[in-house]
Amino acid sequence: MRWTQTFLPTLKEVPSDAEIVSHQLLLRAGLVRKLTGGLYTFLPMGLRALKKVEAIIRQEMDRAGGIEVLMPALQPPDIWQQSGRYESARDVLFKVKDSAQREWVLGPTHEEVITTLAAAEINSYRQLPKCFYQVQLKFRDEIRPRFGLMRAKEFIMKDAYSFDATDEGAMVSYKKMYDAYTRIFARCGLKAFPVEADTGVIGGNYSHEFMVPAETGENDVVYCEVSGYAANIEKATSRGALTPTPDVSTGAAPEKFATPGVVTIEALTAAPHQVPAASQVKTLVYVADSKTILVLLRGDDQLNEAKLLARTGAIQARPATPDECFSALGARPGSLGAAQNVPSTVSVYADEQLRNARGMTTGANDDGFHLRHVDVDRDIRVSQWADFRTVAAGELAVVSGQPLKIRRAIEVGHVFKLGTKYSEKLNSTFLAENGLRHPTVMGCYGIGVTRTLQAVIEQGNDKDGIIWPISVAPFEVCLTPLNVTPGAPTLVLAEKLYAELTAAGIEVILDDRDDRPGVKFKDSELVGFPLRLGIGEKSLAKGQVELKPRGGALMAVPVEEAVARVIEWVKTERASLQTVSD
RNA sequence: CGGGGCGUAGCGUAGCUUGGUAGCGCGCUUGUUUCGGGUACAAGAGGUCGUGAGUUCAAAUCUCACCGCCCCGACCA
């Protein structure tokens, strides 16, 4: 490819609407352009890099036994109603109407479609297991698209769906995808690691996310360096709060006391009351699937809403409004409690941290009053005990007992063991060897392809631009003759090397622009080609050309060795990202 | 949806407080120059100042509404 014949608009200045470095570089290096918020056009270099990622994914999916298909992005709403997600996923579903005013949905994912296919076509255990995958555009009505390709309204995803006859088989399929993901991200040059994950609205009972550590990520990952435990904060557990709950119980009965104007945990810790946060019961009123519930935590703990949904089985939950609190408990936030005057219709969920907690202080369900001497087990009617709290850094890992750390990360992949949730609802059943009909056991596996591409940039860059791993770079070599006037020795040699390298299977872009050396150097570094082969009159006079790896030192090599040296360098780089020999 | 910020040439921005001929840098065009790290000089093209209404003799500037973008939060398969 010749620079003058492709379309590679680089930007010297940082676009004002890009905040994070990978988003800035996507724009500056001429990889993408924004149409509008959350919608981007891929330009030639961006598209080439994207296709590299897709090719790696396809190779590894095929290697893992995946079968590629392509499903419709536009889908009928009835299959979504059948699975129950027309409601549960309504906030992210794009809906469109055709000219007959009939409604359609733009698929945010394809469980419904693939399960419908399986229901029709897979009828015998002899046809199992099967793992279908596709690389498809997905649509999500994101409330707030941001960070370029990281969170977009429309994006490319690789999604795979496995169908097995048995639970054990499903675990084998899961493990195959898990291993394939590990290879895929390694081959993309990404430092990605798996973490235990919450399954969210998609359902299922076993799940890992693949995370790329990055301060700009939107996920918090809890991990233990000693045991290797790692989990999304939505899922993470620990041995509990670092400070024990003070036991100041005297055995006394709950006692109401006036706390005018005290409506926060914080305020109650101050004079005159001076109740430590760890001795308070935090009472949260939530509306879970239109039912009012109470969630109790220790005063210094934070609710983990993902756990709330998981433990209660609710599809959606939100904090109750002050009015809703008042009508349920007769008091407003700041004076709420579960010890007295709780209607029997209101379920009370309590965090394990409060088990056996005695001598606690909590709201009295009477504005301006609290209760002291509350023993949770004795005084509160708890419907269900569970882990509802958010793990904090420094708490001890459940297994190893070592301190946990927390870091930000970008989620690039997610694997789920789904079980029979979708196969039952959409009638994907098969006849087993014993003649009985069973639902297929499913798994689903996603990789955000466009997000992965941006994660590669987020992880590989410096002040000059992108530093691509060679496996994902739009071109492997940037051939840079400094003088391109027709007939100039530098151009003549460049054309010769271009032909030879291209014939040898090296992906070369020839910077044939009539521009100053500084411009060409800066651009090649901004776009981030892994190797620059520079041909200038000075070194050519000495019979030499220059090899400059991106981010590495410049090497002068004799002209006659140039092709061999480039091929060697490229092959070494390629090999370093190849995890399994073909 | 709540909070904050911003919309002026392809990009980055000044001007707005205190209303009065829209400016700069980059990029672009032409010429000269330079030719190993975003050359230098000169000439030039390019603007409904996001849209609409209002106030005013006069609005980029003040007021209101709307639209769009960015950030924080909520949300996130």
Side-chain angles (χ1 to χ4, degrees), chain A residues 9-20 23-24 27-28 30 33-39 80 83-85 88-93 107-112 138-148 150-153 155 157 159 161 197-204 207 209 216-220 232 234 305-306 309 315-319 321 410-411 413-416 418 421-422 444-448 451 464-465 480-485 488 490 513-526 532 534-542 544-546 548 554 556:
Chain A
T10 57
L11 261 26
K12 196 185 286 191
E13 289 175 283
V14 179
S16 64
D17 57 0
E19 185 80 4
I20 69 174
H23 185 194
Q24 293 170 352
L27 295 164
R28 289 227 293 139
R33 284 294 182 265
K34 182 170 77 175
L35 205 215
T36 183
L39 297 173
W80 286 82
S83 73
R85 293 161 103 197
S88 66
R90 65 168 178 263
D91 289 345
V92 296
L93 268 187
T109 175
H110 283 74
E111 280 81 6
E112 283 76 5
K138 307 286 183 178
F139 299 86
R140 280 187 203 178
D141 190 2
E142 290 289 350
I143 340 180
R144 177 147 93 92
R146 58 181 137 180
F147 303 145
M150 284 293 183
R151 179 171 292 279
K153 290 182 190 297
F155 58 98
M157 183 183 236
D159 47 328
Y161 306 90
D198 181 62
T199 53
V201 184
I202 204 156
S207 173
E209 288 165 337
T216 51
E218 298 186 76
N219 296 272
D220 283 307
N232 191 309
E234 295 178 343
E305 289 196 10
L309 292 177
I315 289 165
Q316 289 178 323
R318 60 167 177 85
T321 64
I410 300 163
E411 178 193 346
H414 203 158
V415 292
F416 294 86
L418 287 176
K421 172 177 170 177
Y422 293 90
C444 74
Y445 318 93
I447 292 179
R451 179 184 284 183
D464 294 316
T480 311
L482 297 189
N483 183 349
V484 295
T485 47
T490 51
R513 292 176 300 168
D514 184 12
D515 249 313
R516 297 180 56 79
V519 173
K520 294 182 154 200
F521 293 157
K522 287 286 184 192
D523 270 350
S524 77
E525 281 153 15
L526 176 59
R532 186 171 73 224
I535 305 175
E537 277 157 350
K538 277 188 188 170
S539 51
L540 197 54
K542 293 187 284 184
Q544 292 177 327
V545 294
E546 288 160 0
K548 172 74 170 62
L554 193 140

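In what follows, chains are A, B, ... by sequence order, proteins preceding strands, each numbered from 1. Atom set for the values below is all heavy atoms of this structure, side chains included, hydrogens, waters and symmetry mates excluded.
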Closest approach to the side chain of W80(A), judged atom by atom: which nucleotide of G38(B), A77(B), G36(B) is it?
A77(B)
Just checking E525(A): base, sugar-phosphate only, or nothing, at a heavy-atom cut-off of under 4.0 Å?
base
Please give the distance between the P atoms of U63(B) and G19(B) as a whole number of Å.
12 Å
Taking G36(B) as the reference, what is the distance to U17(B) when you measure between their C1' atoms (whole Å, please)?
50 Å
Determine whether any donor atom in the side chain of T36(A) lies under 3.5 Å from an acceptor atom in the base of G68(B), or the reverse, and answer yes or no.
no
Between C16(B) and A59(B) - C1' atom distance, rounded Å
10 Å
Distance check needed: C70(B) C1' versus K153(A) NZ, whole Å only.
14 Å
Classify the nucleic acid contact of Y445(A) as base, sugar-phosphate or nothing, counting any heavy atom under 4.0 Å across all strands shown.
nothing
Which letter, B, S or -, goes with each nucleotide of nucleotides 2-14 of chain B from 5' to 3', with contact meaning a protein heavy atom under 4.0 Å?
---------BSS-
Determine the Euclidean distance between corresponding P atoms of G12(B) and C69(B); express it in Å to zero decimal places.
15 Å
Is there a side-chain contact between K34(A) and the phosphate of C70(B), meaning an N or O under 4.0 Å from OP1 or OP2?
yes
Identify which nucleotide among A77(B), A74(B), G37(B) has an atom closest to any side-chain atom of A89(A), counting heavy atoms from C-beta outward.
A77(B)
What integer number of Å spans the P atoms of G52(B) and A60(B)?
13 Å
So what does E546(A) hit on the nucleic acid, given a heavy-atom distance under 4.0 Å: a base, only sugar-phosphate, or nothing?
base
For N483(A) and U39(B), what is the distance between atoms CG and P respectively, to the nearest whole Å?
16 Å
Considering only A77(B), G27(B), C76(B), which nucleotide approaches the side chain of R151(A) most closely?
C76(B)
Indicate yes or no: does K421(A) engage E111(A) in a salt bridge with an N to O separation below 4.0 Å.
no
Distance in Å, R451(A) CZ paired with M157(A) CE, rounded so as to fall on 0.5 Å steps:
8.0 Å
Looking at G38(B), A77(B), G37(B), which one has an atom nearest to any side-chain atom of T109(A)?
A77(B)
Do R146(A) side-chain and C70(B) base share a donor-acceptor contact under 3.5 Å?
no
Determine the interatomic distance between P on G73(B) and the same-named atom on U61(B); round to the nearest Å.
33 Å
Any donor-acceptor N or O pair under 3.5 Å, side chains E537(A), N483(A):
yes
Which nucleotide in C71(B), C35(B), A74(B) has an atom nearest any side-chain atom of I143(A)
A74(B)
Span that lies between the C1' atom of A43(B) and that of G7(B), in whole angstrom
32 Å
Touch class at under 4.0 angstrom, heavy-atom based, for E305(A) against every strand present:
sugar-phosphate
hbond_proxy D523(A) side chain to G38(B) base (donor-acceptor, 3.5 Å cutoff)
yes
What distance, rounded to whole Å, do you find between the two C1' atoms, one in G44(B) and one in G27(B)?
14 Å
Could you tell me whether R33(A) contacts a base, only the sugar-phosphate backbone, or nothing, with contacts defined as non-hydrogen atoms closer than 4.0 Å?
nothing
